[in-house]
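Any value given below was found using the heavy atoms of this structure, including those in side chains, with hydrogens, waters and symmetry copies removed. Per chain, numbering begins at 1; letters A, B, ... match sequence-line order.
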Protein chains: 2
Amino acid sequence: MADVARVAGVSHQTVSRVLNDHLNVRAETRARVLAAIDQLGYRRNFVARALVTRHSRRLGVVSFDTTLYGPASTVYSIEQAARAAGYFVSIVSLRTIDRAGVRDALDYLADQGVDGIVVVAPQRSAAQALDDLPAGMPVVAVEGGHAGDVSVVSVDQVAGARLATEHLLDLGHDTVWHVSGPSDWLEAEGRIAGWRDVLTAAGRPVPEPLNGDWSPRSGYAAGRRLAAMAGDVTAVFVANDQMALGVLRALTEEGVRVPEQMSVVGFDDIPESEFFSPPLTTVRQDFGAVGRCSIEVLLRQIEADGPLARECLVVPPEFVARASASPSCRPHGAVRN
Amino acid sequence: MADVARVAGVSHQTVSRVLNDHLNVRAETRARVLAAIDQLGYRRNFVARALVTRHSRRLGVVSFDTTLYGPASTVYSIEQAARAAGYFVSIVSLRTIDRAGVRDALDYLADQGVDGIVVVAPQRSAAQALDDLPAGMPVVAVEGGHAGDVSVVSVDQVAGARLATEHLLDLGHDTVWHVSGPSDWLEAEGRIAGWRDVLTAAGRPVPEPLNGDWSPRSGYAAGRRLAAMAGDVTAVFVANDQMALGVLRALTEEGVRVPEQMSVVGFDDIPESEFFSPPLTTVRQDFGAVGRCSIEVLLRQIEADGPLARECLVVPPEFVARASASPSCRPHGAVRN
DNA sequence: GGCAAGACTGTGAACGTTAACAATGCCCTC
DNA sequence: GAGGGCATTGTTAACGTTCACAGTCTTGCC
């Protein structure tokens, strides 16, 4: 910068002013400075800038297993939205989720000087870690439950599960079974709640959920158990599309036809779902909207530069009807008599 | 830091020495400093540190559509390896890939002061952008072709395609059709090359590849065309698992049984593949190894602090036999007579 | 007891930028 | 034509570290 100043015949401060679009720089001076910058190939040093302004224009993202479609999509849209707003994104992907791990990640990022943090915290234990935050650090939780005083952006899991369950009941099924996600996950919990609510409100029996861990393999295991009950079970709501794939596979292997003998509904709408056999009826989550909203909320907090009222944004899910769910083959009410 | 020094009754420099594990600090002094740090909750400022040392301990990653399984897994393992080595990772995900976009991303990251950059550049156009790098910036390309003088880490696509094609020939198929990835992608190109090599070497006819774009939808379109040729076509090598899913779907719809009437082999081994109907025979890419290797190479460059000989690491792929490929239903050579 | 060597600690100046304030020159008004 | 105000520029001091060097204190040896 000193070199630029010398070449342009001005002071370093004037160069700084040109760079920051300050008022009150004569057009001719500005041109001379810009020419010098161009000539010397000067690039301003963000680190020095961050030191004095106390703003790094970088955000942190803490996430869990960004290999999964949901977190990957969320992180992707967060990054896009952040960059569009002129911020960079530093990512910490946690292999295992526990309170200490999340807290460490938050501390690391705070040390690194990020201006704010988005925590993709879909587990109860991760959400708890938000109680002990680095002081004064703007934070937004994604899918993070509604405890504490951290702003939260999330998809309405309960509403999504309702859509799925209601659809199956509307098709004339007597009740709906459920293959759930791991119990520590808030999303799994929300989907169970929505499913249970609808069954209870309709006065239907509520079967014991089959536990899965989001993986196709666990869905496969659940599917085998369901296949053994084919005839008694005519409809299943599976907590995500990957497990639904495993369920479909197990049913196919056991000769249970979908949807004729058993209807299956998933959750997420991953790009593959449309091409399962049969194409999967599911509930779409708008991860793009979640990412964009979380950045909006976070930037508001950063720019306010002081504590702000906590915000809770909820993104509605969308039902996607395909071929894996059809009317019950039995007249309604014929079962369990 | 000045506060800590005051509380501990030493100079700021001694505090710095304690923080950096310098020799020649008396045990008692060190204890006093540590106590003061603890008492004040002092945290060292990475930005100031970066300014004077000229090392941010941050790496940049440029990638394309981190929603796809391959890039997502690669970026994940890069992040893990980097953090294990004490580095943070800033990510730039590109929506569209072109030379200018990659160059801009590299410039942004360089401005931001990263110590090195990993470019996940599976397209020809992205690889070309590596010709005009920010001067003196250590860079490693992942899946980036072997031009220029940038170090490259990649999975051996040609070998993987060979494994797939040879397997199908070994099963007695007369020839193997191919559903390819988008033409700009180096991976797509490598898979075509391996496939073509094996067919040519075996003296088999080389059918025109069907073009896809990695998506299940494009695989579905290709699958319908293949189904129309069932009888003539008995074996297909599909350039990734997602497209293979689309192919399977189309074949199922058209009543073509897999593998009895047509064998299908994919590429990638995504977690879902094992649960397709039928479970997909495929070629596994070890994305974890790719990520780890790329960080190793990059850190070597950074620590050498000067130009280093270019390295080209190749990670071998692994064949995974499942149920979607089986011996030809026709005696070998019975076709095209 | 003096002296050299090594252990330990402190002082001042960087690093490259922005903030705060001061200084200059010009125009306009009275 | 003197003075107030504004536009433009320069000067100095931060920001929070580490580096280079200069001390001071101990220890051991002659």
Side-chain angles (χ1 to χ4, degrees), chain A residues 1-37 40-58 86 88 108 110-115 134-137 305, chain B residues 1-37 40-58 86 88 108 110-115 134-137 305:
Chain A
M1 185 148 134
D3 296 342
V4 173
R6 204 172 313 119
V7 170
V10 296
S11 72
H12 63 162
Q13 176 63 338
T14 300
V15 176
S16 172
R17 275 192 271 257
V18 169
L19 251 28
N20 292 309
D21 282 329
H22 265 240
L23 304 164
N24 303 340
V25 176
R26 210 161 23 143
E28 189 227 335
T29 313
R30 177 188 310 276
R32 224 166 53 228
V33 170
L34 290 175
I37 286 174
L40 294 164
Y42 163 82
R43 330 204 57 169
R44 110 164 103 183
N45 183 323
F46 269 66
V47 176
R49 191 181 156 83
L51 179 61
V52 64
T53 60
R54 302 154 124 35
H55 289 296
S56 59
R57 294 200 77 80
R58 260 173 42 233
F88 275 79
Y108 280 137
D111 278 356
Q112 268 275 319
V114 298
D115 292 345
M137 173 66 69
D305 197 33
Chain B
M1 183 146 136
D3 296 342
V4 172
R6 204 173 313 119
V7 170
V10 296
S11 72
H12 63 148
Q13 176 60 353
T14 300
V15 177
S16 173
R17 274 192 270 256
V18 170
L19 251 27
N20 293 308
D21 282 330
H22 265 240
L23 303 164
N24 304 339
V25 177
R26 208 154 32 133
E28 189 227 336
T29 313
R30 177 188 310 276
R32 223 166 54 231
V33 170
L34 289 174
I37 286 174
L40 294 164
Y42 162 82
R43 329 205 58 168
R44 124 163 87 181
N45 183 322
F46 270 67
V47 175
R49 191 182 157 82
L51 179 61
V52 62
T53 61
R54 300 151 130 27
H55 289 296
S56 59
R57 294 201 76 79
R58 259 174 42 234
F88 274 79
Y108 280 137
D111 278 356
Q112 268 275 318
V114 298
D115 292 345
M137 173 66 70
D305 198 33

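Atom CZ in B:Arg54 sits about 10 Å away from atom P in C:dT17, given to the nearest Å. In this entry the distance linking CZ of B:Arg32 with C1' of C:dT9 reads 11 Å, nearest Å. We find that NE2 of B:His12 is positioned 9 Å from P of C:dG10, with the value rounded to whole Å. Atom CG of B:Leu51 is separated from atom P of C:dT17 by 9 Å (rounded to the nearest Å). Between the CE atom of A:Met1 and the P atom of C:dC15 there is a distance of 14 Å, given to the nearest Å.
Listed here is the closest heavy atom pair of A:Val33 and A:Val4: O-CG1, 4.2 Å.
Using five terminal pairs a side, the axes of the helix from C:dG1-D:dC30 to C:dC30-D:dG1 at its two ends make an angle of 60°, given in steps of 10 degrees.
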Kindly give the atom pairs (protein nitrogen or oxygen, nucleotide nitrogen or oxygen) under 3.5 Å for nucleotides 3-7 of chain C.
none

Could you please spell out the steps behind the side chain to side chain contact (heavy atoms under 4.5 Å, CB included) verdict for A:Tyr42 and A:Leu19?
-> CA-CA 11 Å; A:Tyr42 163 82; A:Leu19 251 28; 3.7 Å; yes
Between B:Arg57 and A:Gln112, does a side-chain hydrogen bond (donor to acceptor under 3.5 Å, both in side chains) hold up when you go through it step by step?
-> CA-CA 9 Å; B:Arg57 294 201 76 79; A:Gln112 268 275 319; over 6 Å; no
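For the pair A:Met137 and A:Val114, the minimum side-chain heavy-atom distance is below 4.5 Å.
Annotation: B:Tyr108, atom OH; neighbour count of heavy atoms from other residues, nucleotides and ligands within 6.0 Å does not exceed 12.
Among residues at least two apart or in separate chains, side chain to side chain donor-acceptor pair (under 3.5 Å) pairs with a member in residues 15-25 of chain A are A:Ser16-A:Asn20, A:Asn20-A:Arg44, A:Asn20-A:Arg49. For residues 3-15 of chain B, the side chain to side chain donor-acceptor pair (under 3.5 Å) pairs, not counting sequence neighbours, are B:Asp3-B:Arg6, B:Ser11-B:Thr14.
With a cutoff of under 4.0 Å to any heavy atom of chain B, the contacted region of DNA chain D is bounded 5' to 3' by D:dG16 to D:dA20.
Contacts of A:Asp115 classified as side chain to side chain donor-acceptor pair (under 3.5 Å), with partners at least two apart in sequence or in another chain: A:Ser56. Residues forming a side chain to side chain contact (heavy atoms under 4.5 Å, CB included) with B:Val7 (at least two apart in sequence, or on another chain): B:Ala36, B:Gln39, B:Leu40. Residues passing the side chain to side chain contact (heavy atoms under 4.5 Å, CB included) test with A:Arg54: none are found, sequence neighbours excluded. The side chain to side chain contact (heavy atoms under 4.5 Å, CB included) check on B:Arg32 picks up B:Val10, B:Glu28, B:Thr29, with sequence neighbours excluded.
A distance of 14.5 Å separates CZ of A:Phe46 from CG of B:Leu51, quoted to the nearest 0.5 Å.
Listed by residue number, the members of residues 14-21 of chain B with any heavy atom below 4.0 angstrom from DNA chain D are B:Ser16, B:Asn20. Within residues 42-49 of chain B, the residues approached by DNA chain D to less than 4.0 Å at the level of any non-hydrogen atom are B:Tyr42, B:Arg43, B:Arg44, B:Asn45, B:Ala48, B:Arg49, in residue-number order.
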